[in-house]
Amino acid sequence: MRASLIQIAVEEGESVESRRVRVAALVREQAGAADLVVLPELWTTGAFAYEEFGSEAEPLEGPTYEAMAKAASDAGVWLHAGSIPERAPADGSAAGEGPLYNTSLVFSPSGELAAAYRKIHRFGFDKGEAVLMGAGEELVTVRLPGTTVGVATCYDLRFPELFRGLVDAGAETLVIPAGWPERRRAHWTLLAQARAVENQAFVLACGTAGTHAGVPQAGHSIVVDPWGEVLAEAGSGEEVLTVEFDPSRVATTREQFPALKDRVLGLRTPQRS
Ligand SMILES: O=C(O)CCC(=O)C(=O)O
């Protein structure tokens, strides 16, 4: 399987619509070069452009959905289109001013929506996404030819129990769009490798480049194999990182070093008297 992670530069000088057109062209360029294309988190606005989440929010099937569905089918690729600020319907049925979510979209090579994932762990503690957006509640996996993909978004990377849930649901390849800041780049690399090793899974983690809302982005998108080896890593600028990997290595790694079988579930904390 060949995957291309498109590490988009999110800078303030470019409008959302221009970036959408530019990114769709980058996806189309992957025709014949990749089976799976991955984009970063909230690349329309930037993950730290909190003021724009509301004004640039879209319904699930909004302009980014339309552009990415078409780009996926034009290129004939599976496309993890990163995430959008989704404005959910107000009453669950009609369009309106409902809550915001950080929602990832995955398209099949015919441009059908294969999965949507609302980010479960919201970043910002007492500000930003954590207060502006709602929390997703469901783990999401998608079956691709040759591998089951488990999806997670950015800050989710810090929560190993989410990934164990994905593994229990059959995930073999973990795809993580992000807008990770440069300030904590060491955590990004370390956590990507940790999630790969502990889950004996491929990790494809795609970040952004550039600076928006005053936050320099880490870039350094990374692909890690089930043994924890880094197969490919981007630099800090805009870049398409293409890698070839063999998804069957997940099964062989899990057979040859069957640590996942030794999990002890339901551990109890000691009672203190
Ligand atoms: O956990 C971090 O350090 C970064 C998380 C983040 O930027 C996000 O989830 O948008």
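First listed ligand is number 1; within each ligand, the first listed atom is number 1.
In the model, Thr64 has a side-chain atom that pairs as donor or acceptor with a side-chain atom of Glu58 under 3.5 Å. In this structure, a donor-acceptor pair under 3.5 Å is absent between the side chains of Thr45 and Glu56. Checked by atom type, the side-chain pair Thr103/Ser83 shows no donor-acceptor distance below 3.5 Å.
When only interatomic distances are considered, the shortest N/O to N/O separation between Glu129 and ligand 1 does not fall below 3.5 Å.
At the shortest separation from atom 9 (O) of ligand 1 among protein heavy atoms lies Lys119 NZ, 2.7 Å.
Under a 4.0 Å criterion applied to the non-hydrogen atoms of Trp180, ligand 1 contributes the atoms 1 (O), 2 (C), 3 (O), 4 (C).
Residue contacts with ligand 1 do not include Trp188, since none of its heavy atoms lies under 4.0 Å from the ligand. Using a 4.0 angstrom heavy-atom cutoff, Arg183 does not count as in contact with ligand 1. Close to ligand 1: Glu41, with a non-hydrogen atom less than 4.0 angstrom away. Residue contact annotation: Arg158 has a non-hydrogen atom under 4.0 Å from ligand 1.
Aromatic pair Trp227/Phe257: centroids less than 6.0 angstrom apart.
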(message) What verdict does the side chain to side chain donor-acceptor pair (under 3.5 Å) test give for His220 and Glu233, after you've listed the backbone C-alpha separation in whole Å, the side-chain angles of each residue and the deciding distance to 0.1 Å?
(response) CA-CA 6 Å; His220 285 264; Glu233 183 173 351; 2.9 Å; yes

